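Take a look at the structure set out below.
Treat the numbers as computed from the prediction; the structure is a model and nothing was measured.
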Amino acid sequence: MRAVVVEDLTGPEAATLAEVPEPVGAHPRADGQRLLVDVHAAGLSFIDPLQTWGKYQNGVPTPYVCGSEFAGVVVEAPAGTDFRPGDRVGGIVWHGALADRALALPAYTVKLPAAMSFVEGAALYMNYSTAWYALHRAQVQPGEYVLVHGAAGGVGTAALDLAATFGAKAIAVVSNDEKAAVARRCGAHTVVRSDGPWLDDVRDLTDGRGVHVVIDPVGGDRFTDSLRSLRQGGRLVVVGFTGGSIPTVKVNRLLHRNLTVTGITMDNMETEYPGTLRMVRDAVEGLAAEGAIRPFVGATFPLEQAATALRALDDRAATGKVVVEVVPST
């Protein structure tokens with residue numbers, strides 16, 4: 001079968017199209033449950049270019065087939081799961097999605113509604129599960145303001161789309177006009193610019209009181225101002241550090257203003273609180289089935305241009321989700 005293989009850790013250009021054997025056994029994280037999928041589209045995330053440089057903390061040794069997310073049709077399904085051959089599905093695999101066939105994990109796979117294309121399906125689960133879990137952990141309530149950093153990125157656009165399902169008003173933080181247009185398209189109540197006085201703008205929009213929740217996949221040097229943007233009793237959810245640096249917190253800021261800072265990693269919570277993954281998966285699958293959410297795909301590439309797609313993410317030139325079509329859309 002065709003697959004995009006990374007032979008050495010020298011960056012996105014190391015990803016080349018090759019012929020490889022079909023997958024055997026089960027995905028390494030699937031506890032022996034063989035869920036084999038005919039891949040129609042593969043979604044890329046920050047994981048993918050990082051791993052081509054050998055910088056992803058949970059990376060795999062070379063050579064490997066890259067591609068962290070998939071959408072396609074079930075070929076083989078393990079007994080005792082919700083899946084059957086012929087099901088349209090999407091999910092997270094961390095690696096292996098950029099191929100004609102991939103091994104999936106039942107715990108990280110959702111069924112796709114008939115109205116959702118495979119391209120959209122490849123943009124669904126990773127970003128929406130992350131964003132939904134962040135909003136859930138923040139205990140977002142109807143009528144609250146939610147500030148979203150990196151709002152034109154994959155997790156950011158998902159958080160904007162999901163905010164309405166929580167009854168919240170999303171304020172998007174973006175860096176340019178193109179990204180502002182994307183944020184508005186994805187449901188932002190208001191947009192502020194990170195290259196301007198965004199903190200002052202946020203305070204003005206909230207009558208000087210600040211937002212109830214911040215969703216932060218960026219980190220970096222804006223983190224302190226994110227804390228300042230919160231009102232008394234506000235909550236900040238750490239999703240990641242695409243800004244490059246990991247910030248620190250002076251805890252007196254939390255003490256005097258009754259602030260809460262929390263991180264999210266669903267895998268680790270599952271070990272302590274079994275059922276976490278099922279809760280998140282059911283929520284995302286249910287919202288997709290209802291037509292309440294619609295993933296934003298910023299760019300699509302053919303399988304032959306997978307390295308270009310990876311480079312777009314590595315250069316931070318992409319908005320929304322970057323998807324590679326393994327089977328061209330008709």
Kindly state each residue pair satisfying ring-ring contact (aromatic ring centres under 6.0 Å, His included) with at least one member in residues 73-122, sequence neighbours excluded. His27-His95, His40-Phe118, Trp94-Tyr108
Contact list for residues 178-206, test ring-ring contact (aromatic ring centres under 6.0 Å, His included), sequence neighbours left out: His149-Trp198
What distance separates [X] [atom1] from [Y] [atom2], expressed to the nearest 0.5 Å?
| X | Y | atom1 | atom2 | answer |
| --- | --- | --- | --- | --- |
| Ile171 | Thr206 | CD1 | OG1 | 6.0 Å |
| Asp161 | Arg185 | CG | CZ | 11.0 Å |
| Met279 | Tyr133 | CE | OH | 5.5 Å |
| Asp48 | Asp314 | CG | CG | 10.5 Å |
| Cys186 | Arg294 | SG | CZ | 12.0 Å |
| Leu310 | Gln305 | CG | CD | 12.0 Å |

Closer than 3.5 angstrom, by distance alone: can the side chain of [X] be matched with the main-chain N or O of [Y] as a donor-acceptor pair?
| X | Y | value |
| --- | --- | --- |
| Arg2 | Val326 | yes |
| Glu325 | Ser329 | yes |
| Glu69 | Met126 | yes |
| Glu272 | Met269 | no |
| Arg235 | Gln139 | yes |
| Lys321 | Leu44 | yes |
| Asp216 | Val218 | yes |
| Glu270 | Leu277 | yes |
| Thr62 | Tyr64 | no |
| Arg34 | Gly25 | yes |

Kindly indicate whether the side chain of [X], heavy atoms from C-beta on, has any atom under 4.5 Å from the side chain of [Y].
| X | Y | answer |
| --- | --- | --- |
| Phe70 | Ile92 | no |
| Ile215 | Val237 | yes |
| Ile293 | Tyr128 | yes |
| Thr109 | Pro106 | no |
| Ser226 | Leu236 | yes |
| Val73 | Val89 | no |
| Pro23 | Met1 | yes |
| Val173 | Val148 | no |

Residues passing the salt bridge (charged side-chain N to carboxylate O under 4.0 Å, His left out) test with Lys179, sequence neighbours excluded, are none
With a 6.0 Å cut-off (strictly less than), is the heavy-atom count around [atom1] of [X], excluding the residue itself, greater than 12?
| X | atom1 | result |
| --- | --- | --- |
| Arg253 | CZ | yes |
| Asp82 | CG | yes |
| Asp315 | CG | yes |

Result for side chain to side chain contact (heavy atoms under 4.5 Å, CB included) between Arg231 and one of Arg203, Glu144, His212 points to His212
Looking just at side-chain N and O atoms, do Ser68 and Ser45 make a donor-acceptor pair shorter than 3.5 Å? yes
Pair Asp267, Thr265 - check side-chain hydrogen bond (donor to acceptor under 3.5 Å, both in side chains), show working. CA-CA 6 Å; Asp267 310 41; Thr265 305; over 6 Å; no
Might you point out which heavy atoms bring [X] and [Y] nearest each other, and give the distance in Å?
| X | Y | answer |
| --- | --- | --- |
| Val202 | Ser229 | CG1-CB, 4.4 Å |
| Ala151 | Leu160 | O-CD1, 3.5 Å |
| Ala18 | Val5 | CB-CG2, 4.2 Å |
| Pro12 | Arg311 | CD-NH2, 3.5 Å |
| Val323 | Ala123 | CG2-CB, 4.4 Å |
| Val20 | Ala3 | CG2-CB, 3.6 Å |

Given the rule that I, L, V, M, F, W and Y join up when any side-chain heavy atoms are under 4.5 Å apart, are [X] and [Y] in one cluster?
| X | Y | answer |
| --- | --- | --- |
| Val60 | Leu105 | no |
| Leu135 | Met266 | yes |
| Leu287 | Val140 | yes |
| Val213 | Leu227 | no |
| Leu124 | Leu35 | yes |

Going by the rule side chain to side chain contact (heavy atoms under 4.5 Å, CB included), which residues pair with Arg193 if we only count those two or more places apart in sequence or in a different chain? Val174, Asn176, Asp177, Asp195
With sequence neighbours left out, the residues meeting side chain to side chain contact (heavy atoms under 4.5 Å, CB included) with Pro85 are Ala77
Please name all residues satisfying side-chain hydrogen bond (donor to acceptor under 3.5 Å, both in side chains) with Thr262, sequence neighbours left out, ordered by chain then number. Arg137
Report the C-alpha distance between Thr165 and Leu162 in whole Å, list the side-chain angles of each, state the deciding distance to 0.1 Å, and finish with yes or no for side-chain contact (heavy atoms from CB on, under 4.5 Å). CA-CA 5 Å; Thr165 71; Leu162 282 165; 4.0 Å; yes
Run the numbers on Glu285 and Lys111 for salt bridge (charged side-chain N to carboxylate O under 4.0 Å, His left out), then give the verdict. CA-CA 7 Å; Glu285 186 175 275; Lys111 293 181 181 178; over 6 Å; no
Please evaluate residues Val24 and Leu103 with respect to the criterion side-chain contact (heavy atoms from CB on, under 4.5 Å), reporting the C-alpha separation (whole Å), side-chain torsions for both, the decisive distance (0.1 Å), and the verdict. CA-CA 8 Å; Val24 297; Leu103 293 169; over 6 Å; no
Asp225 bridged to Arg228 by N-O distance under 4.0 Å: yes
Worked check of side-chain contact (heavy atoms from CB on, under 4.5 Å) between Val284 and Tyr125: CA-CA 7 Å; Val284 173; Tyr125 193 55; 4.1 Å; yes
Please report the C-alpha distance between Val37 and Arg101 in whole Å, then the side-chain angles of each, then the deciding distance to 0.1 Å, and finally whether the side-chain contact (heavy atoms from CB on, under 4.5 Å) criterion is met. CA-CA 6 Å; Val37 175; Arg101 286 188 167 181; over 6 Å; no
